[in-house]
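Reviewing the structure listed below.
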Amino acid sequence: MFTPLLWSLLATFLFYDAQAASAAQWRGRSIYQVIVDRYALPSGSDLTLCDPSEQTWCGGTWNTLRENLDHIQNAGFTAVWISPVQQNWQGKRTPYGDPYHGYWIQDSTQLNERFGTADDLMALSEEIHRRDMYLMVDVVVNDVMALSTDPDYSIYMFKDSSYYHSYCPVDYSNTTSEQICWLGDFNVTLPDLDTTNPTVISGYSSWISELVSTYRIDGLRIDAAKHVDPAFWPAFCGAADVFCIGEVFGGLDVEDCAEWQGDVLDSVLNYPMYTALTQAFQIPGPLNISALTDTLSQSKQLYKDTTVLGNFLENQDLPRWAAGSVDVQTLYNAMTFNFMSDGIPICYYGQEMGFRGAGDPLNREPLWTSNYTITPTYQFIQQLNQFRNYLVNSTANISTPWTTAETQVLTTSQYGIAFMKGDVITILTNIGSPPQNNTHIAVQTPYERNTALTNVLTCEQWVVGSQALLKCNTL
Ligand SMILES: *[C@@H]1O[C@H](CO)[C@@H](O)[C@H](O)[C@H]1NC(C)=O
Ligand SMILES: *[C@@H]1O[C@H](CO)[C@@H](O)[C@H](O)[C@H]1NC(C)=O
Ligand SMILES: *[C@@H]1O[C@H](CO)[C@@H](O)[C@H](O)[C@H]1NC(C)=O
Ligand SMILES: *[C@@H]1O[C@H](CO)[C@@H](O)[C@H](O)[C@H]1NC(C)=O
Ligand SMILES: *[C@@H]1O[C@H](CO)[C@@H](O)[C@H](O)[C@H]1NC(C)=O
Ligand SMILES: *[C@@H]1O[C@H](CO)[C@@H](O)[C@H](O)[C@H]1NC(C)=O
Ligand SMILES: *[C@@H]1O[C@H](CO)[C@@H](O)[C@H](O)[C@H]1NC(C)=O
């Protein structure tokens, strides 16, 4: 009796060991997002030749990313999200340039040779894991790329028009249309896979299962998730057997975003909170703290699990924070919100450098022009990561780990917000620079009078009841 039980336990452990990371494991991570083409060049390259407005390849590869992971790890990140690895459009240049970003899929069964070989991708994965970080890969399955509405389907993974929806332009007020019509326009069409077709479902399932196990991928970021019928995702992510976080592009509407989490996907990128943060903090802007508090309370009601949402301020589709806000203090406040409230913080490469590119393609700057300088923003991110990693690690085995403790709002005013998660109180203002003594946020804590608190960013101590916390003005 004993031996079979032991063996079955062992087998279970081996199985879990071989399995890549789950939502519970991702909850404590923090993610650095990379566009592979723009992260690093081989040593000795001319660093001056990359102009994002030219929309062409600048020369970054999986190898050059692997050789420059210190920049990410030293900032305290514990996961790297890389742009898609699937083969991209091999045809002529388009009015929107070349597929340097990786999102214009041709044959998914092949890797994108622009970024390296299978061995290079394997070496990147191994190096990321050697550093105790997780690898997240961006995947595009909603569509392939073409230059017309009548492409030659033999070049794609699914080689017959019967595997695709027929052309129609997306009507964003109609959910069916969002799911079956084609993204893109007549310059670059994006033929839409019929993800209800059993051959497409089984083909994609085998493909993702093999990709994940071959390259030991720990999680997937799913492009255009809301443009696919929801029933497709449980089969696909089940086959992948890793954490799946979907792109559900949108504004403040929490309901529209939240319906994709739970039965459909493990998690979603938190577009409503991003929008709220821009409205609460950016200068110039409406400085509307209510947008933030409303989104927080709706999030609690509507998401299945706020603690695994992807919290971001920038990405490859959005203007850089600094393109919308002149004051770096607003970035610090909004980033602190993302690190200290529920969810997984994500920084887009270059955010640590204060890049200010407006929308696509200007928000895909080469990182190397920064010389990977340790900027004040980089150091600030280091502090946030260090503190959050400490909270994650040190509370991992208690009954309510910090990661799953629910964010509780303590105080709000038109000038800011104070909230608590676990034993950490975060006070944020939208007053920007220069620092001022702001008496408009009277923070009520659950702590007794005279309890000593420490400002983790400055190491200063304060005492509950002394009103000294009001000094904590810029964060
Ligand atoms: C929504 O879009 C679908 C697909 O294009 C179309 O068949 C349907 O008629 C549309 N519904 C409405 C109400 O417009
Ligand atoms: C195609 O691209 C050109 C050049 O960028 C642009 O002027 C035009 O509006 C685009 N056409 C469509 C249908 O979007
Ligand atoms: C602030 O945001 C709230 C919630 O989104 C909205 O109802 C309100 O109209 C906004 N106020 C301003 C001044 O923009
Ligand atoms: C990076 O180094 C080059 C060459 O030394 C220099 O010209 C450039 O100003 C530096 N850029 C930054 C952002 O430090
Ligand atoms: C947290 O724990 C992991 C795993 O033991 C370790 O790799 C990491 O360095 C720790 N991080 C911090 C900030 O202590
Ligand atoms: C939590 O438990 C894990 C697994 O037993 C152990 O490796 C880790 O050191 C513990 N962490 C702390 C902070 O006690
Ligand atoms: C804020 O008030 C403290 C104590 O009164 C004072 O020492 C400090 O200089 C003030 N700071 C600013 C930026 O006004």
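Counting begins at 1 with the first residue of the sequence. One-based numbering, in listed order, for ligands and for the atoms of each.
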- Message: Could you check whether Asn315 and Tyr274, counting side-chain N and O atoms only, form a donor-acceptor pair closer than 3.5 Å?
- Response: no
query: When you check the gap from the basic side-chain N to the acidic O, do Arg221 and Asp223 get nearer than 4.0 Å?
result: yes
Residue shell for ligand 3, any heavy atom closer than 4.0 Å, reads Leu252, Asn288, Ala291, Asp294
| Is there at least one pair of N or O atoms, one from Ser394 and one from ligand 6, spaced under 3.5 Å apart? | no
| message | Are the side chains of Leu331 and Phe380 in contact, using a 4.5 Å heavy-atom criterion? | response | no
Any ion pair linking Lys226 and Asp256 (charged N to carboxylate O, less than 4.0 Å)? no
Is it possible for you to check whether Arg388 lies under 6.0 Å from the centre of the six-membered ring of Phe77, through NZ or CZ, and within 45° of that ring's axis? no
In ligand 6, the atoms that come under 4.0 Å of a heavy atom of Asn393 are 13 (C)
#### Entry: Test of ring centre spacing under 6.0 Å for Phe355 and Tyr348
no
Looking only at the side chains, is there a donor atom on one of Tyr96 and Asp185 sitting less than 3.5 Å from an acceptor on the other? yes
